[in-house]
Amino acid sequence: MKPDSTMINAFVPGAANLTEEEALLVQKRQALLGPAYRLFYEHPVHLVRGEGVWLYDAAGEAYLDVYNNVASVGHCHPHVVEATARQAGTLATHTRYLHDGVLAYAEKLLATFPAELGHVMFTCTGSEANDLALRMAFAKTGGTGVIVTETAYHGVTLAVSQFSPSLGPSVNLGPHVRTVPAPDPARGGDAGFAAAVEDAIEDLQRHGIKPAVLIVDTIFSSDGVFTGTGFLKGAVEAIHRAGGLFVADEVQPGFGRTGEAMWGFQRHGVLPDMVSLGKPMGNGYPVAGLVLRPEVVAEFGAKARYFNTFGGNAVAAATAMAVLEVVQREGLQQNALTVGRTFHAGLEQLGQRHGCIGAVRSAGLFLGVEVVSGGAADAAKAARIVNGLREARVLISATGPRANVLKIRPPLVFSEEHVGIFLDRLDTVLAAL
């Protein structure tokens, strides 16, 4: 069977021998959920339980989770579970009633940002947060032009999918969207990033489109995980000169994952106009948000109202508060930094023994590993490694425009012991190739 061209590491029917129960579940998914959904791995994993960095299948087998940033403080963290259950059993209502929970969380969250970012608006998903950012940018600037990196992912709403090129060639980019190369060292690095943004601005203007926003995932996760710093400043200055705004998409690198900073943009020494949040914010509960400069929303807010039935509801606020408390109390940002360095060093050592391991890039507990053959990207080998690890009960995925970068992004409670388990199993998989 040919691989699925719409998603890296997608299940393709017939690629693996499924048990009767698994085959029935796959068939039932197709019948009930329709054809647009995708599964991971040649041999899908039937998960029934999670705890910490471990996931368990229906047979009770434990899988080391080295992929899910959603459960950033660990699957089913007791403090988060208790907070969610307690609030759900007390009051679950929206933000049109006075309630101190959402205000307490907003205050605690905003305290982790530079003072200039003084407001937060709540949504349910990162897609919604980026959709809201787009509305704000259009209203503030009077423009509609959007600039993103070439393989970016920012969400799945109609508006946001138009500037999420990683969704594939069947999801058309909007005519108001321009893409720029990600800061890939193999393609000239970050030196020309600002120049590429300036070229995109000029192209928009030449077509009569006023630039409104530059939006980047500050770890460039869908572009191949690029962890260099310093190159965003010129790009941000360029979009500001053109009258546009800069949005830092922190759905993947945020909440301390990079180890060096709470938020990915802080590693670059830039100040965004807006910051979108999602996935790890609720450790599995759907809560997300948009942090922004007050002046960005001032005129919009005077003329139009914003409301989201579930965004910032009492249960979401209690859950998100518990997650942030765990990140801070358990020192998970520092853990990401310390364990991430051990992880990076171990991968470098494996690369000395296995020629298919190319460049290793990391910031805290977000790592990207190039898989190569003869110095060239090897997507087929990357897929074999990902699926070999799945059979070894370790879960990761792949990313990048050439589908050859191992995407390693474990929960922030990952320890050096877990790193050792991962490296041992990866070593075995590589030796068997």
Side-chain angles (χ1 to χ4, degrees), residues 95 102-123 125-148 152 154-155 159-160 163 194 197 201 210-219 229 231-256 258 261-278 281 287-308 311-312 317 320 324:
T95 54
V102 69
L103 302 180
Y105 177 63
E107 187 172 41
K108 188 175 183 67
L109 178 67
L110 289 172
T112 68
F113 284 91
E116 293 90 341
L117 294 163
H119 288 334
V120 57
M121 302 172 73
F122 292 105
T123 65
T125 68
S127 294
E128 288 181 355
N130 283 328
D131 193 280
L132 181 59
L134 193 67
R135 288 181 64 194
M136 296 293 169
F138 286 4
K140 175 66 175 173
T141 67
T144 58
V146 179
I147 301 170
V148 297
H154 294 293
V160 178
F163 58 91
V197 170
I201 290 169
K210 183 178 180 180
V213 63
L214 165 69
I215 177 170
V216 301
D217 160 7
T218 56
I219 201 75
T229 59
F231 55 87
L232 273 182
K233 184 177 181 181
V236 173
E237 290 172 348
I239 193 66
H240 283 161
R241 282 195 303 270
L245 304 179
F246 170 56
V247 177
D249 186 331
E250 294 290 337
V251 172
Q252 303 232 32
F255 288 95
T258 69
M262 185 67 168
W263 307 107
F265 70 83
Q266 292 173 315
R267 300 178 62 243
H268 293 271
V270 296
L271 183 65
D273 299 290
M274 293 181 274
V275 181
S276 54
L277 313 175
M281 195 169 175
V287 54
L290 184 68
V291 175
L292 66 170
R293 294 174 182 255
E295 59 268 28
V296 171
V297 70
E299 186 176 357
F300 176 92
K303 295 178 178 178
R305 63 182 180 271
Y306 169 75
F307 177 63
N308 185 317
L324 187 52

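Counting from 1, the numbers follow the sequence of the chain as shown.
When side chains are defined from C-beta on, His240 counts as touching Asp273, because their heavy atoms get closer than 4.5 Å. Residues Thr112 and Gln266 fail the side-chain proximity criterion, which asks for heavy atoms closer than 4.5 Å. The side-chain heavy atoms of Leu277 and Val287, taken from C-beta on, include no pair separated by under 4.5 Å. A heavy-atom distance below 4.5 Å is found between the side chains of Phe163 and Ile215. In this structure, Val251 and Asp217 have side chains that are not in contact, with every pair of non-hydrogen atoms separated by 4.5 Å or more.
Note that the CE atom of Met281 and the CZ atom of Phe122 stand 5.0 Å from one another [nearest 0.5 Å]. Atom NE2 of His119 sits about 13.0 Å away from atom CE of Met274, to the nearest 0.5 Å. With rounding to the nearest 0.5 Å, the separation of CD1 in Ile201 from CD1 in Ile147 is 4.5 Å. Separation of atoms OG1 (Thr144) and NZ (Lys210) is listed at 10.0 Å; rounding is to 0.5 Å.
Side-chain atoms of Asn130 and Ser276 include a donor-acceptor pair closer than 3.5 Å.
Ring-plane geometry between Phe231 and His268 is classed as perpendicular, the angle between the planes exceeding 60 degrees on a 0 to 90 degree scale with a lower cut at 30.
Across all non-hydrogen atoms, the minimal contact from Gly243 to Thr141 is O-CG2, 3.2 Å. The shortest heavy-atom contact between Gly254 and Trp263 is CA-CE3, 3.6 Å. Across every non-hydrogen atom of Gly155 and Ser127, the tightest pair is CA-OG, 3.1 Å. For Ala137 against Leu245, the heavy-atom pair with the smallest separation is CA-CD1, 3.9 Å. Nearest approach of Phe265 to Thr218, heavy atoms of both residues: N-OG1, 3.7 Å. In plain terms, the two heavy atoms of Ala129 and Leu290 that are nearest each other are O-CD1, 3.9 Å.
Just one residue in the list Thr95, Leu292, Asn308, Val291 forms a side-chain contact (heavy atoms from CB on, under 4.5 Å) with Met121, and that residue is Leu292. Residue Val213 forms a side-chain contact (heavy atoms from CB on, under 4.5 Å) with just one option from Val146, Ile239, Val148, and that option is Val146.
Environment of CD in Glu299: sparse, with no more than 12 heavy atoms of neighbouring residues, nucleotides or ligands closer than 6.0 Å.
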Using side chain to side chain contact (heavy atoms under 4.5 Å, CB included), reason through Leu271 and Phe246 one step at a time and then give a plain yes or no. CA-CA 8 Å; Leu271 183 65; Phe246 170 56; over 6 Å; no

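Proximity of a side-chain donor or acceptor of Glu128 to a complementary backbone N or O of Ala288 within less than 3.5 Å is not detected. Side-chain atoms of Lys233 never come within 3.5 Å of backbone atoms of Gly269 as a donor-acceptor pair (strictly under, hydrogens ignored). Not a single donor-acceptor pair under 3.5 Å links the side chain of Glu250 to the backbone N or O of Phe255.
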